[in-house]
*Asks:* 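Starting off with a structure, shown below.
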Amino acid sequence: MYRRLLLRRPLLASRLHTSSVLFKSLRTFKLADIGEGITECEVIKWSVEAKSTVQAFDPLCEVQSDKASVEITSPFDGVVVDLLVKEGDIAKVGSGLCTIEVDEDDNDAADKVEPEPSTPVQAKQPEPEPSPPVSRRDDRIPWIQTTPRHVLATPSVRHYARQNSVDLAQVTPGSGRDGRVEKKDVDAFLTGKSPRASSFVPTEQDTVVELTRTRHGMWKAMVKSLEVPHFGYSTSLDITSLYELIPTLNAHIPEHFRPVPSTAPPPLPVDPSSIYPAPHRTRVPEEKQFTRLTYLPILLKMLAKSMIEWPLFRSSITPSQVSDAKPTLTVRPHADINIALSTPSGLYTPTLQGVDTQTIYGLASSLKHLSHLGRQTPCALTPKEMPKRGGTLTVSNVGAIGDGDYASPVLVPGGGVAIVALGRAKWVWDVNRGDGKGERRLKLGVSWSGDHRVVEGAELAAFVECWRSYVENPARLIADSV
């Protein structure tokens with residue numbers, strides 16, 4: 001039910017020979033369902049404050065779920081009356097976030113408000129006009145060009161930083177929860193000292209540390225992983241041919257993926273657009289640019305080619321509302337692959353969609369972009385990078401951090417039908433090559449875990465061998481493109 005308050009000076013409007021009176025309604029804005037399986041979110045930042053005015057589609061707040069951070073916008077124009085959830089608190093899906101006072105006439109409100117008693121509504125007595133409220137969003141406008149939107153700090157700290165001409169992007173991550181920038185972080189930046197180093201005092205007592213929102217989500221996901229019967233399979237791939245191919249690929253990275261050169265390139269001796277404009281690619285944003293390839297985008301492309309040949313690994317378990325219903329699989333037309341991404345906020349698994357339709361250079365650009373978003377504090381990944389249904393396979397590049405060869409990756413419900421962990425590539429002596437004399441080869445250890453409810457052991461082994469045929473013979477990609 002909405003509450004209606006008569007304005008001090010009723011506004012009469014002619015509408016089909018009838019009059020309408022402008023009323024104010026208090027509406028409670030509730031947290032909607034922002035993703036599959038999400039039941040609660042943490043409010044990490046408010047973009048407005050009480051008594052501030054908002055317009056439709058203005059940012060209200062930013063919330064952090066187990067999967068991504070999402071910006072919540074206002075559905076209508078009005079004045080924010082009260083914030084029902086504090087920054088850092090948890091909001092349940094369907095619960096109120098804030099109350100907003102909106103204008104509506106009696107004709108519009110008649111369908112929304114139950115009939116009232118015949119007693120006339122008393123008009124409010126005139127009151128002194130309050131000074132126009134100033135919203136936090138307005139305060140950010142002059143600063144938005146130098147401070148990233150995802151820097152986590154309270155409005156008072158932002159104001160203090162502006163007063164001292166401090167760019168909060170140079171201070172993050174801060175010493176607060178989830179990297180929140182505190183006032184002492186700004187002071188330390190001004191004095192050139194680190195508050196975290198000076199505030200740490202060794203102690204002989206145990207310290208209880210609360211898990212962050214993301215780590216708590218990982219906790220719950222790992223508990224759910226016990227529902228999945230795992231089948232493990234490990235082997236090594238010979239990537240010597242890829243090692244020899246990468247210099248050629250690096251030498252021919254398309255210009256629109258490269259950073260802007262410091263000096264203008266010399267003009268072409270012959271103009272390719274002499275009779276008709278040649279294709280022109282717009283240069284990608286800086287966070288998507290790169291100067292050299294790694295093995296990962298090539299391995300992903302070859303994995304996608306194998307997934308096209310094996311529809312089982314392009315499938316996911318179809319969600320069902322009936323507990324005792326017979327399970328079914330949904331086979332997708334393209335290869336959607338999750339990428340395990342370690343960030344300052346925790347572990348995330350964004351999705352690269354339609355990997356089979358992308359080029360190796362395009363995949364390298366997408367991986368660079370995901371890495372850039374993951375490094376933001378808080379994490380800047382959105383539902384666009386982390387769609388509801390995710391991918392059917394997950395790739396974890398643990399070899400980029402440690403010196404290990406193999407691992408035991410864990411598959412969680414909803415994470416697809418299989419997961420692979422890539423170890424660190426190492427040069428080894430392969431005695432099975434070179435007519436028994438052996439050869440020095442570059443080998444990559446890979447460790448698979450499959451959902452044994454769906455994938456048979458023989459099927460996983462055969463699929464990996466299909467992938468091997470691409471990895472160890474990269475010339476196959478040339479044949480497939482002509």
Side-chain angles (χ1 to χ4, degrees), residues 233 235-258 272 278-279 281 284 290-315 331-339 351-368 391-395 397 399 416-418 420 422-423 425 427-428 430 432-435 439-446 448 450 455 458-482:
Y233 182 81
T235 186
S236 62
L237 304 177
D238 190 330
I239 60 173
T240 309
S241 297
L242 289 183
Y243 172 79
E244 297 170 349
L245 177 63
I246 277 189
T248 301
L249 297 179
N250 281 334
H252 295 86
I253 297 175
E255 285 298 322
H256 63 284
F257 288 123
R258 291 179 175 271
R281 299 288 184 88
V284 299
F290 61 95
T291 57
R292 68 180 185 89
L293 287 173
T294 62
Y295 295 111
L296 184 57
I298 306 176
L299 294 173
L300 290 176
K301 180 66 176 181
M302 294 173 170
L303 186 60
K305 302 287 285 186
S306 304
M307 293 170 66
I308 296 300
E309 297 185 25
W310 281 80
L312 173 62
F313 294 91
R314 283 185 282 118
S315 65
V331 181
R332 306 181 188 181
H334 297 290
D336 300 334
I337 301 178
N338 298 326
I339 304 297
T351 304
L352 293 175
Q353 302 185 65
V355 177
D356 55 298
T357 64
Q358 302 186 43
T359 66
I360 292 175
Y361 295 119
L363 290 173
S365 178
S366 297
L367 290 171
K368 179 72 180 301
T392 61
L393 285 184
T394 300
V395 176
N397 189 20
V417 297
V420 59
L422 308 179
W427 288 98
V428 298
D430 190 348
N432 296 321
R433 303 181 66 93
D435 297 329
E439 287 184 5
R440 185 172 178 263
R441 310 292 293 182
L442 186 61
K443 296 293 185 77
L444 175 69
V446 295
W448 285 85
V455 181
E459 292 171 329
L460 180 58
F463 172 73
V464 175
E465 292 306 308
C466 177
W467 185 32
R468 181 196 303 276
S469 67
Y470 281 101
V471 174
E472 299 186 355
N473 302 281
R476 288 191 59 186
L477 293 180
I478 301 177
D480 287 344
S481 63
V482 297

*Asks:* Kindly compute the distance separating OG (S315) from CE (M307), expressed to the nearest 0.5 Å.
*Replies:*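 Going from the OG atom of S315 to the CE atom of M307 covers 9.0 Å.
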
*Asks:* List in chain and number order the residues that pass salt bridge (Lys or Arg N to Asp or Glu O under 4.0 Å) with K443, two or more places apart in sequence or in another chain; answer none if no residue qualifies.
*Replies:*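 Residues passing salt bridge (Lys or Arg N to Asp or Glu O under 4.0 Å) with K443: D430.
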
*Asks:* Give me the atom names and distance for the closest heavy-atom approach of E472 to S236.
*Replies:*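 Heavy atoms only, the tightest pair is OE2-O, 4.5 Å.
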
*Asks:* Can you find a heavy atom in the side chain of Q358 that is under 4.5 Å from one in the side chain of P297?
*Replies:*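 No. Closest side-chain heavy atoms not under 4.5 Å.
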
*Asks:* Quick one: does any side-chain atom of N338 pair with a main-chain N or O of T351 as donor and acceptor, under 3.5 Å?
*Replies:*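 No, because the side chain of N338 does not come within donor-acceptor range (under 3.5 Å) of the backbone of T351.
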
*Asks:* Between atom CD1 of I337 and atom OG1 of T392, what is the distance when rounded to the nearest 0.5 Å?
*Replies:*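 Here the interatomic distance stands at 7.5 Å.
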
*Asks:* Not counting sequence neighbours, which residues clear side chain to side chain contact (heavy atoms under 4.5 Å, CB included) with E459? List them please.
*Replies:*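 Expected list: W310, L312, V455, E456.
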
*Asks:* How would you list, by chain and number, every residue that makes a side chain to side chain contact (heavy atoms under 4.5 Å, CB included) with D356, sequence neighbours excluded?
*Replies:*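 Side chain to side chain contact (heavy atoms under 4.5 Å, CB included) check on D356 returns A304, I308, H334, A335.
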
*Asks:* Run the salt bridge (Lys or Arg N to Asp or Glu O under 4.0 Å) test against K305 and tell me which residues pass, sequence neighbours left out.
*Replies:*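 If we apply the salt bridge (Lys or Arg N to Asp or Glu O under 4.0 Å) test to K305, skipping adjacent residues, the hits are D480.
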
*Asks:* Go through the steps to decide whether L296 and L422 satisfy the test side chain to side chain contact (heavy atoms under 4.5 Å, CB included), and finish with yes or no.
*Replies:* CA-CA 9 Å; L296 184 57; L422 308 179; 3.8 Å; yes

*Asks:* Residues in ring pair (Phe, Tyr, Trp, His ring centres under 6.0 Å) with Y233, at least two apart?
*Replies:*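 Applying ring pair (Phe, Tyr, Trp, His ring centres under 6.0 Å) to Y233 gives none.
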
*Asks:* Ignoring hydrogens, what is the shortest heavy-atom contact between L352 and S366? Give both atom names and the distance.
*Replies:*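 Distance-wise, the nearest heavy atoms are CD2-CB, 3.7 Å.
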
*Asks:* Restricting to salt bridge (Lys or Arg N to Asp or Glu O under 4.0 Å), what partner residues turn up for R440, sequence neighbours left out?
*Replies:*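 Salt bridge (Lys or Arg N to Asp or Glu O under 4.0 Å) check on R440 returns nothing, list empty.
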
*Asks:* Can you tell me how far apart CZ (F313) and OG (S306) are? Round to the nearest 0.5 Å.
*Replies:*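 Rounded to the nearest 0.5 Å, the CZ-OG separation comes to 10.0 Å.
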
*Asks:* Identify the two heavy atoms, one from V471 and one from M302, that lie closest to each other, and give their separation to 0.1 Å.
*Replies:*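 Shortest heavy-atom contact: CA-SD, 3.4 Å.
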
*Asks:* S469: which residues meet the side-chain hydrogen bond (donor to acceptor under 3.5 Å, both in side chains) condition with it, sequence neighbours left out?
*Replies:*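 Testing S469 for side-chain hydrogen bond (donor to acceptor under 3.5 Å, both in side chains), a comparison that skips the adjacent residues, returns R476.
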
*Asks:* List the residues meeting side chain to side chain contact (heavy atoms under 4.5 Å, CB included) with S365, not counting sequence neighbours, and say none if there are none.
*Replies:*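 Expected list: F257, V284, K288, F290.
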
*Asks:* So L393 and V420, do their side chains get closer than 4.5 Å, heavy atoms only?
*Replies:*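 No, their side chains stay 4.5 Å or more apart.
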
*Asks:* Sequence neighbours left out, what passes side chain to side chain contact (heavy atoms under 4.5 Å, CB included) with P311? Give chain and number order.
*Replies:*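 Residues passing side chain to side chain contact (heavy atoms under 4.5 Å, CB included) with P311: R314, V331.
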
*Asks:* Please say which of L299, I298, L300 ends up in a side-chain contact (heavy atoms from CB on, under 4.5 Å) with I360.
*Replies:*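 Only one option passes, and that is I298.
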
*Asks:* Taking salt bridge (Lys or Arg N to Asp or Glu O under 4.0 Å) as the definition, give me every residue that meets it alongside E439, ordered by chain and number, with sequence neighbours left out.
*Replies:*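 Checked E439 against salt bridge (Lys or Arg N to Asp or Glu O under 4.0 Å); matches are R433, R441.
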
*Asks:* Would you compute the distance between atom CD1 of I239 and atom CG of L444 and round it to the nearest 0.5 angstrom?
*Replies:*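 Answer for the CD1-CG pair, I239 versus L444, is 5.0 Å.
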
*Asks:* Check residues 242-254 and write down every donor-acceptor pair under 3.5 Å in which the side-chain atom is one partner and the other belongs to a residue at least two apart or another chain.
*Replies:*
{"from": "N250", "atom 1": "OD1", "to": "L293", "atom 2": "N", "distance (Å)": "2.6"}
{"from": "H252", "atom 1": "ND1", "to": "T248", "atom 2": "O", "distance (Å)": "2.9"}

*Asks:* With sequence neighbours left out, write down each residue that passes ring pair (Phe, Tyr, Trp, His ring centres under 6.0 Å) with W448, or none if nothing qualifies.
*Replies:*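 Here the qualifying residues are F463, W467.
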
